[in-house]
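Remember, it's a predicted structure, so these values are computed and weren't measured experimentally.
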Amino acid sequence: MDDFFTSEEKKELFSLYRHLMQSAGDSISWKDCQKLKNHLIKAAQCNGLQRNNFGMNPVIKDLQTAVIVAEEIGMKGSCLIGIMLHEIVKTHILSIDEVSVEYGEDVASIIKGLVKTNELYAKSPAIESENFRNLLLSFAEDMRVILIMIADRVNVMRQIKDTGNEEDRIKVANEAAYLYAPLAHKLGLYKLKSELEDLSLKYTQRDTYYFIKDKLNETKASRDKYIAAFIEPIKKKVTEAGLKFDIKGRTKSIHSIWNKIQKQKTPFEGIYDLFAIRIILDSEPDPAKEKQECWQVYSIVTDMYQPNPKRLRDWLSIPKSNGYESLHITVMGPEGKWVEVQIRTRRMDEIAERGLAAHWRYKGIKGETGLDEWLTSVREALENADNDSMKMMDQFKMDLYEDEVFVFTPKGDLFKLAKGATVLDFAFHIHSKLGCKCIGAKVNGKNVQLKQKLNSGDQVEIMTSNTQTPKQDWLNIVTTSKARTKIRQALKEMVARQHDFAKETLERKFKNRKLEYDEAIMMRLIKRLGFKNVTEFYQKIADGVLDVNEILDKYVEQQKRDNDTRDEIVYRSAEGYNLQAAQEETTSKEDVLVIDQNLKGLEFKLAKCCNPIYGDDVFGFVTVSGGIKIHRADCPNANQMRERFGYRIVKARWAGKSEGTQYPITLRVVGHDDIGIVTNITSIISKENGITLRSIGIDSNDGLFSGTLTVMVGDTGRLEALIKKLRTVKGVKQVSRN
């Protein structure tokens, strides 16, 4: 036992235990406390419990999670015992049957859910959306499991700042942002959701996090002063109206500020709503009275400060889908600053902050009747161990999954689909290849068509044919977005294969006739034949509409025509050639980039969406065709790729030296339209070694200058030096890389 806990951990253990017992109150009996202590001591003595990647003591970790569950979510009794025992059950020191006998079926049910989700997690640790769905399915047995897992992730995120390796921290932080924060949001756990997002940003984008944090600290004194001045007259008027209330200013989360900076494409100083004022009324729990008093306060605030009607958010009349109720208004405060004011009652604030069972399944249903009663009944079921909580959980699940159907494979595997899903939806849900070859199914032993809708409890056996291929009209048969996306992807890949085959056929004919294939001449021929793009041209060859031999004859004609007007063509090519596009498409095998586990010499392409260059922080993305595209770490598409296709991301880093290779970079320059600004900019670029200017586009309006420059540069060092010099040009206010 002494070896299992450090001296610091022993102190923390006793402190946390006392803390938890105070929070749990009489929801855990003295007898259960004693049994729990004995089981934990036994587990520690037999070395059955293991520390995680971050060196966290499992007993301390579970105690910390239990405190969060008790104090910040509001669950007691069975949940807390389940949290403390699940590691012991997972390591087979204690069996589920023993837990059921010693602590009751309710505790055993929670532990089953936690063990099951941990096993699933170990098999599929990636954070892509498919895993998200699998996790949700595993939570279906008991809703409390998902709440405990969110609390556990919050706890881990709080503890890992100085422990474990960087890679593990980034992985845990990404999962917090893409998996747990959205779950917390759907369940109305806004406080925990914000904390998960902030901590995730802290670990994944440390500089950004501390930049915003430092900026908030710098402006805290002036912000507090402004909030106090704004609140004072409101306090006076609401008090005179005879209402009991609390009023406070709340600075927005660092993550939400970062989102605004990105969406609005503005610096920190340009974000006006860094904080919100919250007015919480001590109203009687009567819906009509609550709304009346909230609108009364709305009237007081808007009489005092000019409201922005476009920014009114009325979630009193129509609560959010997860049960959130509040009235949000934005008003013009002193010094011409916009201020967001949130008005709600104590009951509404409780749901918004702790969101124990906030309903997240009612989508678009207005004025849902009985929502308050529903929330209250679930809260009582979770908090009161004396109630038949399992019965309440069954009702909760019925409400939660009323928009979904559960179907079985012949082997008995269970799958969850949206209500209205067809046989074809199910085939694509299992696997894209199965969907593409699907010709129908046997549902409960009877043959049915692709468009047959499925019902809960159906046993479905998909029938396939090797000659089947995806059809365009399949998009009208399926109802799920997942199937629709996979069909579109399959159709796209099929067209791409046809194009590749058509191109290979054409190139083979060129070789047979001993003709040299020139891409530029072919592009001009395609344009002259009236095709809008290359895709359309190759599709016509694949469909047999165009004869390959005729194309070759026309190619020879085009070649002669080009030779006759060679000087003109050369001149036009030099003027209009898009060097950037050519550079982006080049595939490299140079050892300047190391991919994944120190692999060199792999083929890769640089992504067009973010134009990475030597020196950028980068990662690799395995494309559908199997190639690797290199993206910048701050690529605008990076978040979506990590969320949806985390399993296709590989590490990449620049190595050696960047010698000779140049990359196209687009810079955006904004400033005052001073005399000679363009000359000064181009002069600086021309003097820089290893940098050439490819194109420049200028727009001047009302004294403002906006320019787009495309330069060829070897690495980030040279690029940063150039940007620094451009910022010194008189009149230039901003230089940014696209």
What heavy-atom pair brings [X] and [Y] nearest, and what distance separates the two atoms?
X	Y	value
Ala173	Thr204	CB-CG2, 3.8 Å
Ala490	Cys436	CB-SG, 3.6 Å
Gly620	Ile628	CA-CG2, 4.1 Å
Ile649	Arg642	CD1-CG, 3.4 Å
Pro58	Gln50	CG-O, 3.5 Å
Pro612	Leu606	O-CD1, 3.8 Å

[Y] backbone acceptor or donor facing [X] side chain under 3.5 Å:
X	Y	value
Asn444	Gln459	yes
Thr505	Phe501	yes
Asp458	Val460	no
Glu98	Ser95	yes
Thr485	Ser481	yes
Arg153	Val172	yes
Lys437	Gly435	no
Ser200	Leu196	no

To the nearest 0.5 Å, tell me how far [X] [atom1] sits from [Y] [atom2].
X	Y	atom1	atom2	value
Leu94	Ile88	CG	CD1	6.5 Å
Leu434	Lys486	CG	NZ	10.0 Å
Lys651	Glu167	NZ	CD	3.5 Å
Ile551	Leu546	CD1	CG	4.5 Å
Thr422	Leu424	OG1	CG	5.0 Å
Thr464	Lys433	OG1	NZ	13.0 Å

message: Could you go through Leu552 and Arg513, starting from their C-alpha distance and side-chain angles, then the distance that decides it, and tell me whether this counts as side-chain contact (heavy atoms from CB on, under 4.5 Å)?
response: CA-CA 9 Å; Leu552 261 68; Arg513 283 177 58 171; 3.4 Å; yes
field: N-O pairing of Glu197 and Lys193 below 4.0 Å
entry: yes
Lys511 with Glu507: basic N within carboxylate O range, under 4.0 Å: no
Below 4.5 Å, heavy atoms only, C-beta onward: do [X] and [Y] meet side chain to side chain?
X	Y	answer
Phe415	Leu454	no
Met494	Pro470	yes
Met522	Leu525	yes
Leu491	Val495	no
Glu87	Asp62	yes
Lys605	Lys608	no
Tyr180	Met149	yes
Cys438	Leu450	yes

field: Audit row: Ile541, Val548, side-chain contact (heavy atoms from CB on, under 4.5 Å) steps and yes/no
entry: CA-CA 7 Å; Ile541 295 175; Val548 177; 4.1 Å; yes
- prompt: Counting heavy atoms not belonging to Lys527, are there more than 12 under 6.0 Å from its NZ?
  reply: no
More than 12 heavy atoms from other groups under 6.0 Å of NZ on Lys451: no
- request: Say whether Thr479 and Asp425, considering side chains only, have a donor N or O and an acceptor N or O under 3.5 Å apart.
  value: yes
task: Walk me through it: do Lys509 and Asn549 pass the test side-chain contact (heavy atoms from CB on, under 4.5 Å)?
output: CA-CA 8 Å; Lys509 287 281 185 183; Asn549 289 316; 3.9 Å; yes
- prompt: Relative to the ring of His631, is the ring of Phe619 parallel (under 30°), tilted (30 to 60°) or perpendicular (over 60°)?
  reply: parallel
query: Checking side-chain contact (heavy atoms from CB on, under 4.5 Å) for the pair Ile110/Tyr103: CA distance, chi angles, key distance, verdict?
result: CA-CA 11 Å; Ile110 289 166; Tyr103 299 94; over 6 Å; no
